[in-house]
S.K.: 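Following this message is one structure expressed as structure tokens.
Quick note: numbers below take in every heavy atom, side chains included, and nothing from hydrogens, waters or symmetry partners.
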2 protein chains.
Amino acid sequence: MANDQVLTKEAILDAAEQVLRRYGPDKTSVVDIAKALQVSHGTLYRHFPSKTALREAVTERWLQQSVAEPLSAIIEKQHSDADEALHMWLKTLIEIKRSASLNDPEMFAMYAAVTLDATAIIAEHIDSLTGQIEVLLERGKVSGAFRYDQPADRLARAVFSATAKFHHPAHAAEWTGESADEEFGSLWKLLLSGLASSK
Amino acid sequence: MANDQVLTKEAILDAAEQVLRRYGPDKTSVVDIAKALQVSHGTLYRHFPSKTALREAVTERWLQQSVAEPLSAIIEKQHSDADEALHMWLKTLIEIKRSASLNDPEMFAMYAAVTLDATAIIAEHIDSLTGQIEVLLERGKVSGAFRYDQPADRLARAVFSATAKFHHPAHAAEWTGESADEEFGSLWKLLLSGLASSK
DNA sequence: CAAATGACAAAAAATGAATATTGTTTTTAT
DNA sequence: ATAAAAACAATATTCATTTTTTGTCATTTG
């Protein structure tokens, strides 16, 4: 029995996300999602080629909405100093992940699972984030806040790698300890010193 | 049937490691290890309180022998420059882990599993490694190669965290890509710049 | 015609009884 | 008295069976 509305990809993703939050990524079946939409499960295969593709689409949208977009807002904000902006950007990335692992555990588990498969979606997401870092690095170079001779895209990846312990889902268990903030503080001082160093 | 020799902890660890390499950490039972020693499995419980403790003891010894000791040899070597020594130390740590994941997959899997439980053994191992970094940082400060105002132990942990992507077992799948060396190269440049920076 | 359904086969997951393993206690041997 | 072996519950693992889930497709509906 079809709904009164046409069945869009977005509507399927909305339902999938809702069911996923309720049952968790392991216990959610395609039939469960179809039931929530009051359609037969076969219908979903007209919109997504496989359950895997559907899971990835849900994760991709979540990464875009919950991670990439809030971070890009920081870049728009035009901070006085590039180092301050980068500091805020990294702290925000870390806080988004930490908060998701605590307050949205099912979506976070979904994201962590998709990350393990090292799919193209994750690679693209990382490209997008390191692209944002690159903008801040270049802005800082122009303003004189940063000095570096590496290509900005490689340096951006180095900054992202260096902070992986604080935002990669594999390390989520280590984020609860009280010393995590202090540890990131030390790392930031070191990185800033490397970025701001006069030659 | 007891062996001619007395049953020592070391002999048990030797046998456990051997059996573990053959069957893998998931398929190895206490009975398998006892069989290799030609003793009854109950006997092993006089030496180790549980299978978990035995697994941890095997891992602890492996971490000491295969990771901590080779690295401490680098520190003894007294390189001309502290930055060169730290660079070598980090590259060696990374190479030990990479090589173990490829050439000693069962022990590496064991280590990765123990790491997930975040046991005291791992914390102690990390303390030991960051202690080694601390020595190099302090040596570099004395020689003038490094300049920093953070406490050396915190800075050592920052260096260790910053390089986690290249030595933490959760990231092993990412070590096969050809760009891994280049990526570490970028990160090292950034870290060195931060450590060597004049204020 | 476009879109959804529902029946279907293949693959994957859950079940449960049989088997093996773990960890403790008791017994045996020296 | 000391240390290994044997016996023994409590868990955990296997494995054959049943059930669910996935993905396809011919048919139906609007």
Side-chain angles (χ1 to χ4, degrees), chain A residues 1-60 106 109-110 112-114 116-117 119 121, chain B residues 1-60 106 109-110 113-114 116-117 119-121:
Chain A
M1 190 193 313
N3 226 327
D4 46 349
Q5 291 292 73
V6 279
L7 189 61
T8 63
K9 271 193 160 56
E10 285 299 309
I12 294 172
L13 292 179
D14 286 341
E17 205 171 306
Q18 202 176 303
V19 174
L20 217 108
R21 283 212 167 84
R22 183 175 268 291
Y23 298 128
D26 296 338
K27 297 290 177 185
T28 299
S29 74
V30 175
V31 174
D32 291 332
I33 297 166
K35 232 180 269 172
L37 288 160
Q38 294 183 286
V39 297
S40 77
H41 77 278
T43 299
L44 298 185
Y45 285 88
R46 308 197 116 266
H47 299 269
F48 295 95
S50 66
K51 185 187 185 181
T52 300
L54 178 50
R55 285 165 55 100
E56 288 180 357
V58 169
T59 304
E60 188 177 25
E106 304 296 12
M110 180 85 204
V114 169
L116 281 182
D117 302 335
T119 57
I121 279 102
Chain B
M1 190 193 314
N3 227 327
D4 46 348
Q5 291 291 72
V6 280
L7 190 61
T8 62
K9 270 192 160 56
E10 284 300 308
I12 294 172
L13 292 180
D14 287 341
E17 206 170 308
Q18 202 176 305
V19 175
L20 216 108
R21 283 212 167 84
R22 185 174 266 290
Y23 297 126
D26 296 340
K27 298 288 178 188
T28 298
S29 74
V30 175
V31 173
D32 290 332
I33 298 166
K35 230 179 270 173
L37 289 160
Q38 294 183 284
V39 298
S40 79
H41 75 280
T43 299
L44 298 184
Y45 284 90
R46 309 200 115 266
H47 298 271
F48 295 94
S50 66
K51 187 184 185 183
T52 300
L54 177 51
R55 284 163 57 99
E56 289 180 357
V58 169
T59 303
E60 187 177 25
E106 304 296 12
M110 178 89 205
V114 169
L116 280 182
D117 303 336
T119 59
I121 278 103

S.K.: Whole angstroms only, please: what is the CD1-C1' distance between B/Ile33 and C/dT21?
M.R.: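 Checked: the CD1 to C1' distance equals 12 Å.
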S.K.: In Å and rounded to the nearest 0.5 Å, what is the CG to NZ distance from B/Leu54 to B/Lys51?
M.R.: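 Interatomic distance, B/Leu54 CG to B/Lys51 NZ, rounded to 0.5 Å: 9.0 Å.
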S.K.: Does A/Thr43 or A/Asp32 map to a spot on DNA chain D nearer the 5' end, using the closest nucleotide for each?
M.R.: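 Its nearest nucleotide lies further toward 5', so the answer is A/Asp32.
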S.K.: Between P on C/dT24 and CZ on B/Phe48, what's the gap in Å once rounded to a whole number?
M.R.: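 Interatomic distance, CZ of B/Phe48 to P of C/dT24: 15 Å.
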S.K.: With a 4.5 Å cut-off on side-chain heavy atoms, are B/Phe48 and B/Leu13 touching?
M.R.: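 Counting from C-beta outward, B/Leu13 and B/Phe48 do come under 4.5 Å.
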S.K.: Rounded to whole Å, how long is the line connecting atom OH of B/Tyr45 with atom P of D/dA6?
M.R.: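 In whole Å, D/dA6 P lies 17 Å from B/Tyr45 OH.
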S.K.: Quick one: does B/Leu37's side chain get under 4.5 Å of B/Leu44's, heavy atoms only?
M.R.: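 Counting from C-beta outward, B/Leu37 and B/Leu44 do come under 4.5 Å.
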S.K.: Round to a whole Å and report the spacing from NZ of A/Lys35 to P of C/dG6.
M.R.: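 Distance, rounded to whole Å: 14 Å.
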S.K.: Whole Å only: how far is the CG atom of B/Leu44 from the P atom of C/dG23?
M.R.: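 In whole Å, C/dG23 P lies 11 Å from B/Leu44 CG.
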S.K.: Over how many whole Å does the gap from A/Leu37 atom CG to C/dA3 atom P extend?
M.R.: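 Between P of C/dA3 and CG of A/Leu37: 16 Å.
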S.K.: Pick from B/Arg55, B/Glu17, B/Glu56: which one makes a side-chain contact (heavy atoms from CB on, under 4.5 Å) with B/Met110?
M.R.: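 The passing option is B/Arg55.
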S.K.: With the side chain of B/His41 defined as its heavy atoms from C-beta on, choose the nearest nucleotide among C/dG23, C/dT5, D/dA5.
M.R.: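 Selected nucleotide: C/dG23.
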S.K.: In whole angstrom, give the distance that lies between atom NZ of B/Lys51 and atom P of C/dA20.
M.R.: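 After rounding, the reported distance stands at 16 Å.
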S.K.: Among C/dT5, D/dG23, D/dT22, find the nucleotide with the atom closest to the side chain of A/Ser50.
M.R.: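 It is D/dG23.
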S.K.: Between A/Lys27 and A/Arg46, name the one whose nearest nucleotide on DNA chain D is closer to the 5' end.
M.R.: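 It is A/Lys27, whose closest nucleotide lies nearer the 5' terminus.
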S.K.: Could you check A/His47 against A/Asp26 and say which one's nearest nucleotide on DNA chain C is further toward the 5' end?
M.R.: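 That would be A/His47.
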S.K.: Would you mind telling me which of D/dT24, C/dA4, C/dT22 lies closest to the side-chain atoms of A/Leu7?
M.R.: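 Given the options D/dT24, C/dA4, C/dT22, the side chain of A/Leu7 is closest to C/dA4.
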S.K.: Give, for atom OH of A/Tyr23 and atom OG of A/Ser29, the distance between the pair rounded to the nearest 0.5 Å.
M.R.: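 Spacing of OH (A/Tyr23) from OG (A/Ser29) equals 8.5 Å.
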S.K.: Rounded to whole Å, how long is the line connecting atom OH of B/Tyr23 with atom P of C/dT21?
M.R.: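 Those two atoms, OH and P, are 11 Å apart.
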